[in-house]
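For reference, the structure is listed below as structure tokens.
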Amino acid sequence: HPDSQYFLVLYGTNDAGGFFPVTPELFKANLQQMIDMIRATGKEAYLAKVPYSKSAGLNSIYRDYNAMIDQLVSENNITVEPPDFYTYFETNPDELVDDWHPDGNGYQSMADLWQASLQ
């Protein structure tokens, strides 16, 4: 929407797996590019933490990605605290319909966490 001033960015879930997993350093560089592109349009990017997965093998890299998000928030002076989807779904895995995707309640919880971060 052209009148929007803020972008809510959740990035990284699909980058940890597959044939070519993205290193935390490349993840950070890619996300920094997104922030820079958004800011170049006069808008602001707000970041979210990568959610927990029931596929335990991915959570180590998700925690690394989330550490990169903390660095980016600090380095870019982002004033909105990222909603912590990782901790939320780690403690509420019943709101995931499969290893990664929230069910209806999970999506509502994500919206609530975004709202709390933005207030």
Side-chain angles (χ1 to χ4, degrees):
H1 190 278
D3 294 330
S4 298
Q5 294 301 307
Y6 309 100
F7 284 76
L8 307 180
V9 180
L10 173 57
Y11 166 69
T13 299
N14 293 326
D15 294 288
F19 295 109
F20 303 104
V22 175
T23 66
E25 295 76 21
L26 183 56
F27 168 82
K28 182 180 179 185
N30 290 343
L31 192 48
Q32 182 64 61
Q33 277 189 309
M34 288 182 221
I35 293 166
D36 293 343
M37 289 170 43
I38 291 167
R39 286 187 167 171
T41 68
K43 316 284 184 179
E44 189 62 42
Y46 296 146
L47 310 179
K49 299 284 183 91
V50 178
Y52 168 84
S53 171
K54 289 182 186 178
S55 178
L58 295 175
N59 288 315
S60 175
I61 197 162
Y62 288 168
R63 286 189 297 274
D64 291 342
Y65 286 178
N66 287 333
M68 297 293 132
I69 289 169
D70 289 336
Q71 290 178 16
L72 287 165
V73 167
S74 177
E75 292 167 2
N76 289 280
N77 298 311
I78 296 173
T79 58
V80 171
E81 173 119 8
D84 190 350
F85 297 144
Y86 185 92
T87 299
Y88 182 80
F89 286 110
E90 183 178 35
T91 58
N92 296 280
D94 56 308
E95 291 187 21
L96 294 170
V97 70
D98 57 21
D99 284 351
W100 302 279
H101 299 97
D103 62 13
N105 291 328
Y107 280 115
Q108 181 60 56
S109 296
M110 291 175 78
D112 294 343
L113 289 166
W114 266 119
Q115 182 178 14
S117 289
L118 294 169
Q119 291 180 334

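Keep in mind that the numbers below use all heavy atoms, side chains included, and drop hydrogens, waters and symmetry copies.
- By the criterion of side-chain heavy atoms lying less than 4.5 angstrom apart, applied directly or through intervening Ile, Leu, Val, Met, Phe, Trp or Tyr residues, Met37 is not grouped with Met68; the two fall into different hydrophobic clusters.
- A donor-acceptor pair under 3.5 Å is formed between the side chain of Ser53 and the backbone N or O of Ser55.
- Contact annotation: the side chain of Val50 never approaches that of Ile61 to less than 4.5 Å [non-hydrogen atoms, C-beta and beyond].
- Exactly one of Phe85, Tyr65, Tyr86 qualifies for a ring-ring contact (aromatic ring centres under 6.0 Å, His included) with Tyr52. That residue is Tyr86.
- Residues Tyr62 and Pro51 fail the side-chain proximity criterion, which asks for heavy atoms closer than 4.5 Å.
- Side-chain N/O atoms of Glu81 and Ser117 include no donor and acceptor closer than 3.5 Å.
- Separating the OG atom in Ser74 from the CD1 atom in Ile78 is a distance of 9.5 Å, to the nearest 0.5 Å.
- Counting all heavy atoms, side chain and backbone alike, Leu10 lies closest to Met110 at CD2-CE, 3.6 Å.
- Taking the side chain as every heavy atom from C-beta outward, Val80 and Glu44 never approach each other to under 4.5 Å.
- If you take CZ on Phe27 and CD1 on Ile69, they are separated by 4.0 Å, rounding to the nearest 0.5 Å.
- Here the closest heavy-atom approach between residue Ala45 and residue Ile35 is recorded as CB-CG1, 4.2 Å.
- To the nearest 0.5 Å, atom CG of residue Asp64 and atom CD of residue Glu25 are 8.0 Å apart.
- Proximity of Lys54 to Trp100: side-chain heavy atoms (C-beta onward) are nowhere separated by under 4.5 Å.
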>> Checking Thr87 against Lys49 for the side-chain contact (heavy atoms from CB on, under 4.5 Å) test, could you report, in this order, the C-alpha distance in whole Å, the side-chain angles of both residues, the deciding distance, and whether it holds?
In response: CA-CA 9 Å; Thr87 299; Lys49 299 284 183 91; over 6 Å; no
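- Asn76 and Gln32 form a side-chain donor-acceptor contact under 3.5 Å, judged by distance and modelled atom types alone.
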Exercise for review: Before giving the answer on side-chain contact (heavy atoms from CB on, under 4.5 Å), spell out for Tyr46 and Val9 the whole-Å C-alpha distance, their side-chain angles and the decisive distance to 0.1 Å.
Suggested key: CA-CA 6 Å; Tyr46 296 146; Val9 180; over 6 Å; no
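- Here the shortest heavy-atom pairing between Asp103 and Asn105 reads OD1-N, 3.0 Å.
- How far CG of Leu31 is from CG of Leu26: 11.0 Å, rounded to the nearest 0.5 Å.
- Residues Lys28 and Glu75 are in side-chain contact: their nearest non-hydrogen atoms beyond the backbone lie under 4.5 Å apart.
- Residues Pro82 and Val73 come closest through the heavy atom pair CG-CG2, 3.6 Å.
- There is no path of hydrophobic side-chain contacts, each under 4.5 Å, that joins Val97 to Leu113.
- Put simply, CD on Gln71 and CG on Asn66 are 11.5 Å apart, with the number rounded to the nearest 0.5 Å.
- For Thr41, the side-chain contact (heavy atoms from CB on, under 4.5 Å) criterion is met by Lys43, not counting sequence neighbours.
- Side-chain contact check for Tyr107 and Glu95: no donor-acceptor pair (N or O, by modelled atom type) lies under 3.5 Å.
- With rounding to the nearest 0.5 Å, the separation of CG in Leu72 from CE in Met34 is 10.5 Å.
- In this structure the side chain of Leu47 never reaches within 4.5 angstrom of the side chain of Tyr11, judged on heavy atoms.
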